[in-house]
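Report on the structure given below.
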There are 2 protein chains.
Amino acid sequence: MTDALVDVCAALGDQTRWSILTALGEGDASASALATRLPVSRQAIAKHLAILERVGLVEPVRAGRELRYRVLGSELSATARRLEAVGAAWDRRLAAIKEIAEDM
Amino acid sequence: MTDALVDVCAALGDQTRWSILTALGEGDASASALATRLPVSRQAIAKHLAILERVGLVEPVRAGRELRYRVLGSELSATARRLEAVGAAWDRRLAAIKEIAEDM
DNA sequence: GCCATGTGCAACCATATGATTGCACTCGAC
DNA sequence: GTCGAGTGCAATCATATGGTTGCACATGGC
């Protein structure tokens, strides 16, 4: 029942996952390759990659026996737009209230 | 050392907090008022509100002895813009790679 | 003044989560 | 074929997190 938007936000709510994402932002990489750069074990990274893949922020790419991951900006942009829409709605409400207050 | 963006995303990565935020989107409300609508205790809601306030998604408003909370679209929009910027950068990289591939 | 309502604080609990280690398996390179 | 690098799976662990109950405190309305 949990919305996809919530899941994406939850996936983005972890420092290590952001480290992985920014690392992937510089180029596709495998879990093992990432483990050499980041201060966590390969298995921990693999779990994070699985989470990121489930919410669509990352995509697996086979390269020989290596399993590289590619970061997907489209999903992040889509999430951003959804958040923007919600934020805009809240702001409209606030603006309306402010207007009413000024009319009194 | 954790970035503010990560904290906001983490705050948004919880279903109950979204329930609170959408409820507040319809009008300011206190923790007690929210507790009557949502299936969690007032204290749980108070904790969530504290988290939301720390990341700037919500703002306390005194109303007599009541402490109401107001949802802030500005912070959500700011977060959305930051995510959008990152997603766009990733997409630019992918597009560049695709172009190189086509040149071969 | 009294009482009910709204808050705040603290202890506590169960589960989720981030991380680790160890081992087995696969597959490409030499 | 052998070896090593990359991967997958499982068990384990510590801590964070969401949630609860209970109680003390303030504060506004009658």
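Since we're looking at a predicted model, the values are computed, not measured. Reminder, nothing fancy here: chain letters follow the sequence lines and each chain counts from 1.
Counting 5' to 3', DNA chain C first comes under 4.0 angstrom of a heavy atom of chain A and last does so at the ends given by C:dG18 to C:dG28.
For the OP1/OP2 pair of D:dG18 and a distance below 4.0 Å, the side-chain nitrogens and oxygens of B:R17 include at least one atom meeting the criterion. Distances shown here put every side-chain N or O of A:S32 at or beyond 4.0 Å from the OP1 or OP2 atom of D:dA5. For D:dG19, the OP1/OP2 oxygens have a side-chain nitrogen or oxygen of B:H48 closer than 4.0 Å.
Toward the 5' end of DNA chain C, the nearer of the two residues A:V40 and B:S30, judged by each one's closest nucleotide, is B:S30. Each of A:A33 and A:R65 was matched to the nucleotide of DNA chain D holding its nearest heavy atom; the match closer to the 5' end belongs to A:R65. Summary of the strand contacts: A:G64 and A:A44 both lie near DNA chain C, and taking for each the nucleotide with the nearest heavy atom, the more 5' one is attributed to A:A44.
Summarising the geometry, the separation between CG on A:L49 and P on D:dG6 is reported as 15 Å, rounded to the nearest angstrom. Distance NZ (A:K47) to P (D:dA11): 12 Å, rounded to an integer number of Å. The CD-C1' distance, from B:Q15 to D:dG18, rounds to 13 Å in whole Å. Regarding B:R68, its CZ atom lies at a distance of 17 Å from the P atom of D:dT27, rounded to whole Å. Rounded to a whole Å, the CD atom of A:Q43 is 13 Å from the C1' atom of D:dT12. Distance, B:E66 CD to D:dA26 C1': 14 Å, rounded to whole Å. A straight line from CG of B:L38 to C1' of D:dT20 spans 16 Å, rounded to a whole angstrom. To the nearest angstrom, P of D:dT20 lies 12 Å from CZ of B:R42.
Nearest heavy-atom pair, B:S41 versus B:A35, reported as atom, atom and distance to 0.1 Å: C-CB, 4.3 Å. Nearest heavy-atom pair across A:L34 and A:A23 is CD2-CB, 3.7 Å.
Checking D:dT7, D:dT20, D:dG18 against every side-chain atom of B:S41, the shortest atom distance belongs to D:dT20.
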Would you check, one step at a time, whether the test side chain to side chain contact (heavy atoms under 4.5 Å, CB included) holds for B:L76 with A:W90? CA-CA 9 Å; B:L76 194 57; A:W90 293 349; 3.6 Å; yes
Worked check of side chain to side chain contact (heavy atoms under 4.5 Å, CB included) between A:I97 and A:R93: CA-CA 6 Å; A:I97 289 176; A:R93 184 190 140 258; 3.5 Å; yes
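Atom CG of A:L21 and atom CG of A:L57 lie 6.0 Å apart (nearest 0.5 Å). One finds the CZ atom of B:R42 at 11.0 Å from the CG atom of B:L49 (value rounded to the nearest 0.5 Å). The CD atom of A:Q43 sits 8.5 Å away from atom OG of A:S32, with the distance rounded to the nearest 0.5 Å. To the nearest 0.5 Å, the span separating CD on B:E59 from CG on A:L94 amounts to 8.5 Å.
A rotation axis mapping the C1' atoms of four pairs onto the next four is fitted at both ends of the helix from C:dG1-D:dC30 to C:dC30-D:dG1 over five pairs, and the angle between these axes is 30° to 10 degrees.
A salt bridge is absent between A:E75 and A:R70: the closest approach of a Lys/Arg side-chain nitrogen to an acidic carboxylate oxygen does not fall below 4.0 angstrom.
Applying the side-chain contact (heavy atoms from CB on, under 4.5 Å) test to A:I51 and every residue at least two apart in sequence or in another chain returns A:A11, A:R17, A:R54.
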